[in-house]
Amino acid sequence: MDEIVINGGKSLAGEVAISGAKNAALPMIAASILTGGVFSFSNVPALKDIKTILALISCLGAEVSREEDTAVIDTSNLSVFEAPYDLVRQMRASILVLGPLLARLKKARVSLPGGCAIGARPINLHLKGLARLGADIKLEHGYVEASADRLVGDEIFFDIPTVTGTENLMMAATLAKGTTVLRNAAREPEIVALADMLNNMGAEISDAGTPAITIRGVEGLNPVSAEIIPDRIEAGTYMVAGALTQGRVLIKDCEPDHLKAVISKLREAGADVSVSGKNIEVHGNTPIKSIDIKTLPYPGFPTDMQAQFMVLMAVAGGLSVISETVFENRFIHVSELKRMGTDIAISGSHAMVKGGKRLSGAPVMATDLRASASLVLAGLVAEGTTRISRIYHLDRGYERLEEKFSGLGADIRRVPGGGA
Ligand code: EPZ
């Protein structure tokens with residue numbers, strides 16, 4: 001399997017363009033199931049997870065073609081209601097086809113996504129919500145079997161503001177009879193982008209981005225073209241890299257409005273962050289200060305930026321407490337970071353990060369998407385060489401990562417084959 005090799009110590013400088021957001025593209029591609037016709041998506045990132053969802057949509061009977069950053073999907077002949085285990089196990093977000101399949105084909109059989117490294121990640125809230133809309137739900141042989149002649153709108157309260165749960169229910173409710181209100185709904189920008197696409201298709205959704213989303217059911221929807229919004233987590237990762245390496249990085253084609261918490265925390269840590277239109281410049285010209293971080297659902301500090309920020313705190317000047325409130329096991333990167341010389345102690349959902357350390361390069365292993373990003377960041381500042389194995393985790397969510405970092409002056413390369 002490929003590895004990434006980094007010789008650390010370079011300050012990054014230059015410009016990096018941000019790709020389309022994986023976590024926006026996945027639900028928007030799933031939404032194409034809701035009606036027959038030709039959909040065209042632009043600014044679609046070239047990522048493993050996008051390949052997986054397009055393979056899944058094809059399995060259901062859609063015609064898919066991919067050209068550069070565009071994906072064209074014809075769902076006219078989509079008629080298969082089963083999402084097979086071998087695809088769902090590759091990507092938990094495959095569960096996003098459940099709501100649209102149920103709404104369009106009146107039944108769905110989707111393999112239960114297993115847990116993953118960062119937590120058990122159940123889908124009970126997705127299923128409870130669909131049952132609330134009148135679906136008959138069975139769990140058999142590792143599959144969810146759902147059926148409903150026609151879903152009926154109702155009020156749904158999410159115990160936790162689940163991102164894909166909100167997306168699944170919002171999609172299912174577009175074709176329900178009557179009105180659905182999702183309360184304690186997730187507020188991520190990817191949910192607003194999905195609602196905008198669904199409304200362009202003819203749905204009647206209001207207040208997406210707030211904790212109470214209203215969906216008035218309609219009789220039918222139309223295919224559309226849609227552009228994928230920029231990836232706020234990719235942008236945040238490069239912002240941290242600029243501060244971490246005491247460099248000067250211009251992040252282009254991003255959406256600063258989606259990064260308010262990350263910008264605020266970087267400034268609090270002493271980085272010079274300036275925003276202009278769709279660009280953010282991060283100048284790491286002063287010593288980084290230790291600050292405390294607590295991950296929260298949007299608009300709070302994103303859990304998907306926690307591992308990256310931990311590396312920044314590892315080289316900051318004091319003691320930082322990082323609290324992970326979203327997932328129960330999202331400190332897996334800590335053991336690998338400790339092998340690079342960080343001083344981090346975990347107590348429950350808190351990580352105490354003692355800064356002022358000089359990281360040293362080492363062979364390390366990626367375990368999940370954002371943990372892999374933190375290992376790359378650590379390699380950029382570590383003294384000596386870092387070899388990262390199992391980088392297929394990275395390829396799920398970062399488009400052309402080593403090319404983009406090389407363009408900023410990093411000494412980074414992908415080594416085909418390599419170790420275990
Ligand atoms: C989405 O995952 C993202 N993935 C994740 O990004 C992100 O970390 C997460 O939201 C939180 O922001 C996609 O959008 C494809 P949740 P999701 O449902 O929807 C619990 C990445 O790096 N929960 O908001 O699966 C759950 O266990 C990925 O790109 C239930 O208990 O997350 C977790 O503790 C990683 N029951 C919390 O809620 C449910 O039915 C938040 O999960 C659903 C969720």
Side-chain angles (χ1 to χ4, degrees), residues 19-31 45 47-50 52-53 56 88 90-99 110 112-132 137 139 144 156-171 182 184-194 211 228-229 231-237 258 261-262 294-308 324-333 349 366-374 393-399:
S19 303
K22 162 177 87 81
N23 291 351
L26 293 172
M28 290 166 77
I29 290 168
L47 298 170
K48 176 84 176 62
D49 278 8
I50 300 298
T52 303
I53 191 95
L56 177 51
V88 175
Q90 291 178 44
M91 182 184 67
R92 338 173 11 77
S94 309
I95 196 62
L96 284 166
V97 305
L98 177 61
V110 180
L112 274 168
C116 82
I118 62 179
R121 301 185 72 183
I123 57 164
N124 58 313
L125 302 179
H126 299 233
L127 304 182
K128 203 166 104 180
L130 292 171
R132 184 91 181 145
I137 306 274
L139 299 184
V144 179
I156 292 167
F157 183 86
F158 287 117
D159 303 352
I160 300 172
T162 158
V163 174
T164 48
T166 301
E167 291 164 346
N168 235 335
L169 269 299
M170 191 161 74
M171 290 189 280
L182 304 180
N184 196 27
R187 301 169 55 189
E188 274 67 4
E190 293 76 27
I191 285 165
V192 176
L194 175 63
I228 307 300
I229 60 171
D231 191 317
R232 58 194 168 95
I233 304 302
E234 183 194 23
T237 303
H258 297 165
V262 175
K294 180 174 189 177
T295 67
L296 285 167
Y298 194 90
F301 187 86
T303 174
D304 292 347
M305 283 297 303
Q306 178 255 104
Q308 298 91 312
E324 172 55 60
T325 73
V326 178
F327 288 107
E328 69 268 25
N329 187 32
R330 204 170 197 176
F331 287 139
I332 311 161
H333 43 283
S349 62
T367 51
D368 65 87
L369 171 53
R370 305 306 170 183
S372 327
S374 74
H393 290 292
L394 263 180
D395 294 337
R396 298 190 50 180
Y398 286 93
E399 187 180 46

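Every number for a ligand or one of its atoms is a count from 1 in the order of the listing. Predicted, not measured: the structure shown is a model, and the values here were computed from it.
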A.B. asks: Closer than 3.5 angstrom, by distance alone: can the side chain of Thr166 be matched with the main-chain N or O of Ala186 as a donor-acceptor pair?
C.D. replies: yes
A.B. asks: Are side-chain heavy atoms of Leu130 and Leu169 found at a separation under 4.5 Å?
C.D. replies: yes
A.B. asks: Taking 4.0 angstrom as the limit and counting only heavy atoms of Thr303, give me the atoms of ligand 1 inside it, by number and element.
C.D. replies: 8 (O), 11 (C), 12 (O)
A.B. asks: For atom 18 (O) of ligand 1, which candidate among Asn124, Asp231, Asn168, Thr162 provides the closest heavy atom?
C.D. replies: Thr162
A.B. asks: Of the side chain and backbone of Arg92, name the one, both, or neither that has a heavy atom under 4.0 Å from an atom of ligand 1.
C.D. replies: neither
A.B. asks: Suppose we measure from atom 15 (C) of ligand 1 to each protein heavy atom; which comes out shortest, and what is that distance?
C.D. replies: Asn23 OD1, 3.4 Å
A.B. asks: Considering the heavy atoms of His126, write down every atom of ligand 1 situated less than 4.0 Å from one of them.
C.D. replies: 40 (O)
A.B. asks: Do me a favour and list the nearest non-hydrogen protein atom to atom 16 (P) of ligand 1 with residue, atom name and distance?
C.D. replies: Val163 N, 3.7 Å
A.B. asks: Which ligand 1 atoms does Ala93 reach within 4.0 Å, using its non-hydrogen atoms?
C.D. replies: 15 (C)
A.B. asks: For atom 29 (O) of ligand 1, what is the closest protein heavy atom, and at what distance to 0.1 Å?
C.D. replies: Lys22 NZ, 2.9 Å
A.B. asks: So His258 and Ile229, do their side chains get closer than 4.5 Å, heavy atoms only?
C.D. replies: yes
A.B. asks: Check this for me: does any side-chain nitrogen of one of Glu234 and Lys22 sit under 4.0 Å from a carboxylate oxygen of the other?
C.D. replies: no
A.B. asks: What I'd like to find out is whether the side chain of Val326 reaches to under 4.5 Å of the side chain of Ile118, using heavy atoms alone.
C.D. replies: no
A.B. asks: Out of Glu324, Arg370, Arg330, which one pairs with Gln306 under the side-chain hydrogen bond (donor to acceptor under 3.5 Å, both in side chains) rule?
C.D. replies: Glu324
A.B. asks: Using the test ring-ring contact (aromatic ring centres under 6.0 Å, His included), find all partners of Tyr398 that sit at least two apart in sequence or belong to another chain.
C.D. replies: none
A.B. asks: Give me the nearest non-hydrogen protein atom to atom 2 (O) of ligand 1 as residue plus atom name, then the distance to 0.1 Å.
C.D. replies: Arg121 NH2, 3.2 Å
A.B. asks: What is the nearest protein non-hydrogen atom to atom 33 (C) of ligand 1, stated with its residue, atom name and distance?
C.D. replies: Val326 O, 3.4 Å
A.B. asks: Is it the side chain (CB and beyond), the backbone, both or neither of Asp304 that lies under 4.0 Å from ligand 1, heavy atoms counted?
C.D. replies: side chain
A.B. asks: Any idea which atoms of ligand 1 are less than 4.0 Å away from a heavy-atom of Leu125?
C.D. replies: 36 (N), 39 (C), 40 (O)
A.B. asks: Got Ile95 and Val88 here, is their nearest side-chain heavy-atom distance under 4.5 Å?
C.D. replies: no
A.B. asks: Taking only residues two or more places apart in sequence, or in another chain, which ones meet Glu188 in a salt bridge (charged side-chain N to carboxylate O under 4.0 Å, His left out)?
C.D. replies: none
A.B. asks: How far is atom 43 (C) of ligand 1 from the closest protein heavy atom, and which atom is that?
C.D. replies: Pro122 O, 3.3 Å
A.B. asks: Just which atoms of ligand 1 are under 4.0 Å from any heavy atom in Leu369?
C.D. replies: 22 (O), 29 (O)
A.B. asks: Suppose we measure from atom 22 (O) of ligand 1 to each protein heavy atom; which comes out shortest, and what is that distance?
C.D. replies: Arg370 NE, 3.0 Å
A.B. asks: Below 4.0 angstrom from a heavy atom of Ile123, which ligand 1 atoms are there? Numbered from 1 as shown, please.
C.D. replies: 39 (C), 40 (O)
A.B. asks: Would you mind reporting whether Asn23 and Asp304 have side-chain heavy atoms less than 4.5 Å apart?
C.D. replies: yes
A.B. asks: Suppose we measure from atom 26 (C) of ligand 1 to each protein heavy atom; which comes out shortest, and what is that distance?
C.D. replies: Phe327 CE2, 4.2 Å
A.B. asks: Taking heavy atoms and a distance under 4.0 Å, where does Arg330 meet ligand 1: side chain, backbone, both or neither?
C.D. replies: side chain
